[in-house]
Every structure is written in structure tokens, then in C-alpha cells.
There are 2 protein chains.
Amino acid sequence: MEIDYVFEALASTPRRKILAYLSEATLTAGEIAARFDMSKPALSKHLKILEQAKLISSERKGQFIEYRLADKNMMVSLTNMLATFCPVGSGLKKESTAIARSKDKTTKQE
Amino acid sequence: MEIDYVFEALASTPRRKILAYLSEATLTAGEIAARFDMSKPALSKHLKILEQAKLISSERKGQFIEYRLADKNMMVSLTNMLATFCPVGSGLKKESTAIARSKDKTTKQE
DNA sequence: TACACAATTAACTAATTAGCTAAATATATT
DNA sequence: AATATATTTAGCTAATTAGTTAATTGTGTA
């Protein structure tokens, strides 16, 4: 599922740090890498994972590649996440409700 | 950091499913395990990870152990996450704090 | 006490992830 | 064309994670 990529992407301290760096500024891959104690290829992988999750987007500018937050998509994903865990129905939630109801009935019979 | 545990816990489809199952009902470890195609020890590990992240809590009831959402903590974590990554979120969080403060004041006056 | 049931912990394996260095690709400059 | 810079891809290894079965712990009941 699509949301899986978002959660996987967020489950990494360096990746969340990248998002924080991009929260206000647009930065090139090199500018981001300069802020981490990690090789450029390693950073590149993190950027790829964030981009696959649609949390960031990239645009080539000459020999540079600029990265920026794709915050609209992030908001959609996070909102969906909230919708899953909080009131708004999914199949699992309905089943959970049904379980609660049957348990309640059993308890009252005793 | 504390939030690291939350992200790690959420980066797993079965664990997010467990949260969804618990969104309305309180279930024992066995009742949860019965809904997954996975061994009980494997489920037990997932429950432990969720509990360490303070997303769920457990309580022994005789030979059973009941699990339930610790949703207040989850909401706090998720709200903080929004505040960190989205400029909009941080503004809203501050407003939320302000509202809470003003409500508190009002309540005490009553 | 002895036995059954619920759940966890222990010990292990297979698969995945995160990092590295070296090589390749794309663009800019001379 | 040749060379330099920015970035990514390839190939590798070490560490971590997710699952398994077997053993252990805690509780209820005959």
C-alpha cells in the first residue's frame, strides 16, 4: 500500500532530519549531505526513499538537483493515517466495533 | 529519542493493523493473535514494541492480558510530528496550546 | 498437587537495511 | 574534446529485524 512507504520513510532519524531541513528551505543534494556525517551515496538513498514516499520532490537545476518538501502529499498521508486510527471507518474498525459489541452483550448476560 | 520508538512502531503493517483492531475494542493477546496469520510469540513481540512506544497499554485480567489503545499519548505524538514537519502544523499546535490555556483559565474561574 | 490454558522469553535462522567505496551518468566549463 | 563538479548506481559487508519452534512463567481449576 502507498501509506506503507510513508511510514517506512519516516522510521529513520536521518530521514526525519532531512524533512526538517527542507521544512523551510529548498536544498541541493550536496547541501543536504554537507549537514550529515554520512557519505553522499548514503544520503542519496535516503532522499530516494523520501521521494518514493512522495514526502519530497526533486528538480534538476543544471548540475545540481534541488530537493523540496512535497508537503501537500505529506498532509494527505498523515491525515489518512489519523483517519485510520481515529473515528472514520475502515473494515478493521468495523470489526473492532463488532467485537466490542459482542463482548458487551456477553458481559451483561452474566 | 522518545519519538523514535513511535515511528519505529508505526513502520510495520501488522502493528498498524493491531492499532486499528484496538481502535474501538479492548482485546486480549490471544484475541489479537487469532486475527493474524502469525505465531503468538511473533504477535507478542509486536505488542511489546507498540507498548514501548506507549501507543498501547496492557493489564492482566486473570490468565489473560488485555491490550488497549493509549490513544492520548498517540495523539500527542502525532500532533508533535505534524508540528515538526509542517509549518502549518506548528502554528496550529501553538493555537491549540493557547486555546487549552484559555479554557483552563475559564474552567478555574467557574 | 497436578493439569490445562494464556502469554511471554529464549535461541535460532532468513531476509532486510544502512552504511561503505568505486564506478557510472549528467551537466558545465575551457 | 577534455576535464571538473554534482549526483546517483553498483556491489559489497555488518547490523538489525521478523519470523520460527521449544521452553518458561503465571493463573485457574479439578
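Numbered from 1 within each chain, the chains take letters A, B, ... in sequence-line order.
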**Student:** Measure CD/B/Gln63 against C1'/C/dA6 and give the value in whole Å, please.
**Tutor:** 6 Å
**Student:** Which residues pass the ring pair (Phe, Tyr, Trp, His ring centres under 6.0 Å) test with B/Phe64, sequence neighbours left out?
**Tutor:** none
**Student:** Please identify each residue that fulfils side-chain hydrogen bond (donor to acceptor under 3.5 Å, both in side chains) with B/Ser57, with sequence neighbours left out.
**Tutor:** none
**Student:** Using the test side-chain hydrogen bond (donor to acceptor under 3.5 Å, both in side chains), find all partners of A/Ser58 that sit at least two apart in sequence or belong to another chain.
**Tutor:** A/Glu51
**Student:** A/Arg35: what forms a salt bridge (charged side-chain N to carboxylate O under 4.0 Å, His left out) with it, not counting sequence neighbours?
**Tutor:** none
**Student:** Can you tell me how far C1' of C/dA26 sits from CD of A/Glu59, to the nearest Å?
**Tutor:** 16 Å
**Student:** Looking at B/Ser44, I'd like to know whether one of its side-chain N or O atoms comes within less than 4.0 Å of OP1 or OP2 on C/dT9.
**Tutor:** no
**Student:** Remember a base hit wins even if backbone is also touched, and classify B/Tyr67 as base, sugar-phosphate or nothing at under 4.0 Å, heavy atoms.
**Tutor:** sugar-phosphate
**Student:** On DNA chain C, nearest-nucleotide positions of A/Lys61 versus B/Phe64: which is more 5'?
**Tutor:** B/Phe64
**Student:** To the nearest Å, how far apart are A/Ile65 CD1 and D/dT9 P?
**Tutor:** 9 Å
**Student:** Sugar-phosphate atoms are those with a prime plus P, OP1 and OP2; base atoms are the rest. Using that split, label each nucleotide of nucleotides 12-25 of chain D B, S or - for protein heavy atoms under 4.0 Å, 5' to 3'.
**Tutor:** ------SBBBB---
**Student:** For B/Phe7 and C/dT17, give me the distance from atom CZ to atom P, rounded to whole Å.
**Tutor:** 18 Å
**Student:** Where do A/Leu50 and A/Ala9 come nearest, in terms of heavy atoms and distance?
**Tutor:** CD2-CB, 4.1 Å
**Student:** If the condition is salt bridge (charged side-chain N to carboxylate O under 4.0 Å, His left out), which residues does B/Arg68 pass it with, not counting sequence neighbours?
**Tutor:** B/Glu59, B/Glu66
**Student:** What is the distance from CG of A/Leu50 to P of C/dT17, rounded to the nearest Å?
**Tutor:** 15 Å
**Student:** Given atom CG of A/Leu27 and atom C1' of D/dA6, what is their separation to the nearest angstrom?
**Tutor:** 15 Å
**Student:** Tell me which nucleotide among C/dA7, D/dT9, D/dG26 gets nearest to the side chain of B/Ala29.
**Tutor:** C/dA7
**Student:** Can you tell me how far P of C/dA6 sits from CG of B/Leu47, to the nearest Å?
**Tutor:** 16 Å
**Student:** Check whether any side-chain nitrogen or oxygen of A/Lys48 sits under 4.0 Å from OP1 or OP2 of D/dT9, and answer yes or no.
**Tutor:** yes
**Student:** Does A/Tyr21 have its ring centroid less than 6.0 Å away from the ring centroid of A/Tyr67?
**Tutor:** no
